[in-house]
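Worksheet: one structure, shown below.
Note that these values count all heavy atoms, side chains included, but never hydrogens, waters or copies made by symmetry. Everything numeric here is computed off the predicted structure, so don't read it as measured data.
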Amino acid sequence: MLAHQAMRRLPIGVQSFRKLREDDCHYVDKTGFVLQLVREGTHYFLSRPRRFGKSLLVNTLKELFEGNRELFDGLEAERRWDWSVRHPVVRLSFGGVHAKLAGDLEADISEQLRAVEGGHGLTQADGTVRGRFRNLIRRLHSGSGQRVVVLVDEYDKPILDAMDEPAIARANREYLRGLYSVIKDCDDHVRFCFLTGVSKFSKVSLFSGLNNLRDITLSPRYSSICGYAESDLDSVFARELEGLDRDRIRDWYNGYSWGGAERVYNPFDVLLLLADREFKPWWYETGTPTFLIERLAEEAVPWELLDGLSASEQLLSAFDVGRVAPEALLFQTGYLTVLEREDLEDGASYRLGYPNREVRQSLNRSLLDDLLGAGWKTDRDRKHLIQAMKAGDTAGMKELLRALLAGIPHQWHGRNPMAEHEGFYASVLYAHFSATGAEVRAEESGSVGRADLCVRAFGRVYVFEFKMRERGGAAAAMSQLKARGYADRYRGRGEPIHLVGVEFSAEARNVTSFETETI
């Protein structure tokens, strides 16, 4: 059925398993995970960020349960699945739903149910959407003699799309809660159930009527059920990778994890890189995180501490209309990932951080752009900052940082008392350096204590200590850098190390003194 691997296409934007296989596209075989799911349970929930292959996974399940063996030629499922049994499938997808007006959601679900009814040769039933859904499942079981498979893709999109209008978001949530409760009511008729989405709304708010779901979002065994592993790039895309720097690919795009030891790539990034041979924030540019930026501003989350946040599993699941923990929002939307998992007596604890350069650089650019406004010449000044870092030009760096802080609108300071503290300046400078693609660490431990900011790029290291004028200024900052050995961890690598003591003034809202020394 399939052509030689070298002739296969890149499945950019393809979410249909049938189309992918019939069009001879590259496919990273995930059917082993699918078989494992079916063997181990019946009701599942999986959360992953956008463009990670959730819809393709759902579509794969559909084709498998419908018994379309010809699509699985050469895949793991072909030799291990019982092809003599076919199950009726009800697949609902909310990816294309626009539900910000009363009645939109009900009308869309009704249309989808009508399509399923027609596809199975059933007459359209009367009654409410919930009633039709319930009757559809029962009629399909009765007519085929096999229990029904229920697949729901992007279950949460009607809620997420209306998060800026809480009343509508809550109404959509309540409507969906009623719909999903039907699945549990019909459990005798259901063979398998699988729901996917970006967010994980609490069971109390959305899944109270479907509390038998097994959440595999943070299961180490399923951490690579979506996304491409390093081994996948070698086995599936080896020919397309020729001529590309693998270390650079890892730096830009690898690094996502949901509790497992293996880290994965976002498929969308890999496919666009292979198609255009250009390193760009492909995934990030497909969705502007406006809601995320606004939430971070409202919560006054220190930007420099995002890379290293700690959170419990309960906190990562704390997502509901009007009640979203920043850690949960960043994690569920894919801007932070699991760097390390620690199993404690009272449950797992997770250390979160940026997955890769794409996210770290792009998110910090968005944070700066939101702070400074459209008039700020961000690209120009990032280029000048990169030139200064390459040359070890700390004097030029000082002027660039002064210009950056001077560009913050006056009214912003009046709304944010944190501008009187050095932590505010640490956040802004962290974002500015991260936006260049540099390796940046905040609160990094030295021999005694922690440096405010460490920047490593272009064969040089910059170690910063910040002070407000009222607390001793740049001279005191420089003395602290030396006395506490903040730069010791970088010695012996052959890289010039620049110690930088910076004094800020709450009154001037800018840098007032700047001392440097190279060691």
*What are the two closest heavy atoms between Ala474 and Ser513, and how far apart are they?*
CB-OG, 3.1 Å
*Any idea which heavy atoms bring Glu515 and Met478 closest together, and the distance?*
O-CE, 3.2 Å
*What is the minimum heavy-atom distance between Leu499 and Lys482, and which atoms define it?*
CD1-CG, 4.1 Å
*Between the side chain of Thr217 and the main-chain N/O of Ser47, is any donor-acceptor distance below 3.5 Å?*
yes
*asked:* Tell me whether the NZ or CZ atom of Arg341 lies within the 45° cone about the ring axis of Trp258 and under 6.0 Å from its centre.
replied: no
*asked:* Ring centroids only, cut at 6.0 angstrom: are Tyr256 and Phe52 within range, meaning strictly under it?
replied: yes
*Between the main-chain N or O of Ser362 and the side-chain N or O of Ser366, is there a donor-acceptor pair closer than 3.5 Å?*
yes
*Is it true that the side chains of Arg48 and Thr196 contain a donor and an acceptor less than 3.5 Å apart?*
no
*With sequence neighbours left out, write down each residue that passes side chain to side chain contact (heavy atoms under 4.5 Å, CB included) with Ala99, or none if nothing qualifies.*
Val97, Asp104, Leu105, Pro158, Asn172
*Could you tell me whether the side chain of Leu385 reaches within less than 4.5 Å of the side chain of Met397, counting heavy atoms only?*
yes
*Is the shortest heavy-atom distance from the side chain of Cys454 to the side chain of Tyr490 under 4.5 Å?*
yes
*asked:* My understanding is that only residues two or more places apart in sequence, or in another chain, count here; which of them pass side chain to side chain contact (heavy atoms under 4.5 Å, CB included) with Thr333?
replied: Val198, Leu329, Tyr335
*Quick one: pull up CG in Leu305 and OG in Ser310 and give me the separation to the nearest 0.5 Å.*
10.5 Å
*Just by modelled atom types, is the Val34 backbone N or O under 3.5 Å from a matching donor or acceptor in the Thr31 side chain?*
no
*Report the C-alpha distance between Phe194 and Phe45 in whole Å, list the side-chain angles of each, state the deciding distance to 0.1 Å, and finish with yes or no for ring-ring contact (aromatic ring centres under 6.0 Å, His included).*
CA-CA 6 Å; Phe194 193 76; Phe45 169 73; 8.6 Å; no
*asked:* With rounding to the nearest 0.5 angstrom, report the CD to CZ distance, Glu495 to Phe458.
replied: 12.5 Å
_Under a 3.5 Å distance rule, please check whether Asn356 uses its side chain to pair with a backbone N or O of Val359 as donor and acceptor._
yes
*Do Tyr228 and Leu271 have side-chain heavy atoms sitting under 4.5 Å apart?*
yes
*Tell me whether the centres of the aromatic rings in Phe504 and Tyr425 are closer together than 6.0 Å.*
yes
*Rounded to the nearest 0.5 Å, what separation is found between the CG atom of Leu274 and the CD atom of Glu242?*
11.5 Å
*With a distance cut-off below 6.0 Å to the six-membered ring centre and an angular limit of 45° from the axis, does Arg51 pair with Phe268 as a cation-pi contact?*
yes
*Verdict with reasoning, Gln480 to Lys467, per side-chain hydrogen bond (donor to acceptor under 3.5 Å, both in side chains)*: CA-CA 10 Å; Gln480 185 170 322; Lys467 295 289 183 185; 2.8 Å; yes
*Hey, are the side chains of Tyr284 and Leu363 touching, using non-hydrogen atoms and a 4.5 Å cut-off?*
yes
_As an exercise, state the distance from OG of Ser199 to NZ of Lys157, rounded to the nearest 0.5 Å._
12.0 Å
*Do the non-hydrogen side-chain atoms of Thr337 and Tyr354 ever get within less than 4.5 Å of each other?*
no
*Candidate list Leu160, Val152, Asp153, test side-chain contact (heavy atoms from CB on, under 4.5 Å), partner Phe94, passing option*: Val152
*Exam field: side chain Arg8 to backbone Cys25, donor-acceptor pair closer than 3.5 Å*: no
*Can you name the closest pair of heavy atoms from Ala438 and Ala457 and give their distance?*
CB-CB, 3.7 Å
*In terms of side-chain heavy atoms, does Glu503 have a donor or acceptor partner in Thr512 at a distance below 3.5 Å?*
yes
*In sequence, state the C-alpha distance, the side-chain angles, and the governing distance for Asp247 and Arg250, and then conclude on salt bridge (charged side-chain N to carboxylate O under 4.0 Å, His left out).*
CA-CA 5 Å; Asp247 287 336; Arg250 294 185 190 99; 2.7 Å; yes
*Does the side chain of Tyr350 come under 3.5 Å of the side chain of Glu327 through a donor N or O and an acceptor N or O?*
no
*Give a yes or no on whether the backbone of Trp282 and the side-chain of Glu358 come within a donor-acceptor separation of less than 3.5 Å.*
yes
*Quick one: are Asp381 and Leu400 in side-chain contact, heavy atoms under 4.5 Å?*
yes
*Tyr44 side chain to Leu195 backbone, donor-acceptor under 3.5 Å*: no
*Only counting residues at least two apart or in another chain, list the ones meeting salt bridge (Lys or Arg N to Asp or Glu O under 4.0 Å) with Asp232.*
none
*Under 4.5 Å between any side-chain heavy atoms of Val301 and Leu306, yes or no?*
yes
*Does Pro49 offer a backbone N or O that forms a donor-acceptor pair with the side chain of Lys54 under 3.5 Å?*
yes
_Contact summary for Leu296 and Pro326, nearest pair of heavy atoms_ = CD2-CB, 4.4 Å
*Check the pair Phe17 / Tyr27 against ring-ring contact (aromatic ring centres under 6.0 Å, His included), numbers first and verdict last.*
CA-CA 9 Å; Phe17 182 73; Tyr27 175 63; 5.4 Å; yes
*asked:* So does Ala431 get a backbone contact from the side chain of Ser434, meaning a donor-acceptor N/O pair under 3.5 Å?
replied: no
*Please determine, by modelled atom types, if His26 and Arg9 share a side-chain donor-acceptor pair under 3.5 angstrom.*
no
*Taking all atoms of both residues into account, what is the closest heavy-atom pair of Leu481 and Gly501, and its distance?*
CD1-N, 4.0 Å
_Interatomic distance, Ile293 atom CD1 to Leu367 atom CG [nearest 0.5 angstrom]_ = 4.0 Å
*Do Tyr486 and Phe464 have ring centroids that are under 6.0 Å from one another?*
no
*If only atom types and distance count, is the side chain of Glu262 paired as donor or acceptor with the main-chain N or O of Ser224 below 3.5 Å?*
no
*With a 4.5 Å heavy-atom cut-off, do Asn364 and Phe433 have their side chains touching?*
no
*Once you round to the nearest 0.5 Å, how far does CG of Asp452 lie from CG of Leu429?*
10.5 Å
*asked:* Run His498 and Thr394 through side-chain hydrogen bond (donor to acceptor under 3.5 Å, both in side chains) and show every step you take.
replied: CA-CA 8 Å; His498 305 274; Thr394 52; 5.7 Å; no
